[in-house]
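For this chain, numbers begin at 1 and follow the sequence in order.
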Amino acid sequence: MKLIERQKWEATSKEIAEVYSNALNSVNRINEVIAHGEKDQEDKAAINSSVNHLEIITGYKDKDDNSFWTNEDFTTIEKAIVDGKEYIK
């Protein structure tokens, strides 16, 4: 994967799949902390970090300023962002 300029990437389909997989790891982290966390500062920091990660990567663009993404489903990612923000309020 090659960074062209801020938030603009050139990537193969395999690299896009890896980024998407990492995003789902962040989703799982958010869901696990919400399910089992104590809502302390450490948990809130973990959620905040994961939410920030998801918000950044969902905005990735290609060199032509089009979406970096192909046919990935963002339903669980969008839900994790909303749930995570609600948790850290």
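With values rounded to the nearest 0.5 angstrom, Asn22 atom CG is found 10.5 Å from Leu54 atom CG.
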Which pairs of donor and acceptor atoms, one on a side chain in residues 74-85, lie under 3.5 Å apart (sequence neighbours left out)?
{"from": "Thr75", "atom 1": "OG1", "to": "Asp73", "atom 2": "OD1", "distance (Å)": "2.6"}
{"from": "Lys79", "atom 1": "NZ", "to": "Asp83", "atom 2": "OD2", "distance (Å)": "2.6"}
{"from": "Lys85", "atom 1": "NZ", "to": "Glu55", "atom 2": "OE2", "distance (Å)": "2.6"}

Pair up each side-chain donor or acceptor in residues 46-53 with any protein partner under 3.5 Å, not counting sequence neighbours, and list the distances.
{"from": "Ser50", "atom 1": "OG", "to": "Ala46", "atom 2": "O", "distance (Å)": "3.2"}
{"from": "Asn52", "atom 1": "ND2", "to": "Asn48", "atom 2": "O", "distance (Å)": "3.3"}
{"from": "His53", "atom 1": "ND1", "to": "Ser26", "atom 2": "OG", "distance (Å)": "2.8"}

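Exactly one of Ile16, Ile57, Thr58 qualifies for a side-chain contact (heavy atoms from CB on, under 4.5 Å) with Phe68. That residue is Ile16.
For Lys89, the side-chain hydrogen bond (donor to acceptor under 3.5 Å, both in side chains) criterion is met by Glu86, not counting sequence neighbours. Taking Ser21 as the reference, nothing meets the side-chain hydrogen bond (donor to acceptor under 3.5 Å, both in side chains) condition, with sequence neighbours excluded. Taking the salt bridge (charged side-chain N to carboxylate O under 4.0 Å, His left out) definition, one finds that Asp64 meets it with nothing, sequence neighbours left out. The side-chain contact (heavy atoms from CB on, under 4.5 Å) search around Ser13 returns none, not counting sequence neighbours.
A donor-acceptor pair under 3.5 Å is absent between the side-chain atoms of Trp69 and the main chain of Lys61, judged by distance alone.
Listed by first and then second residue, the salt bridge (charged side-chain N to carboxylate O under 4.0 Å, His left out) pairs involving residues 33-51 amount to none (not counting sequence neighbours).
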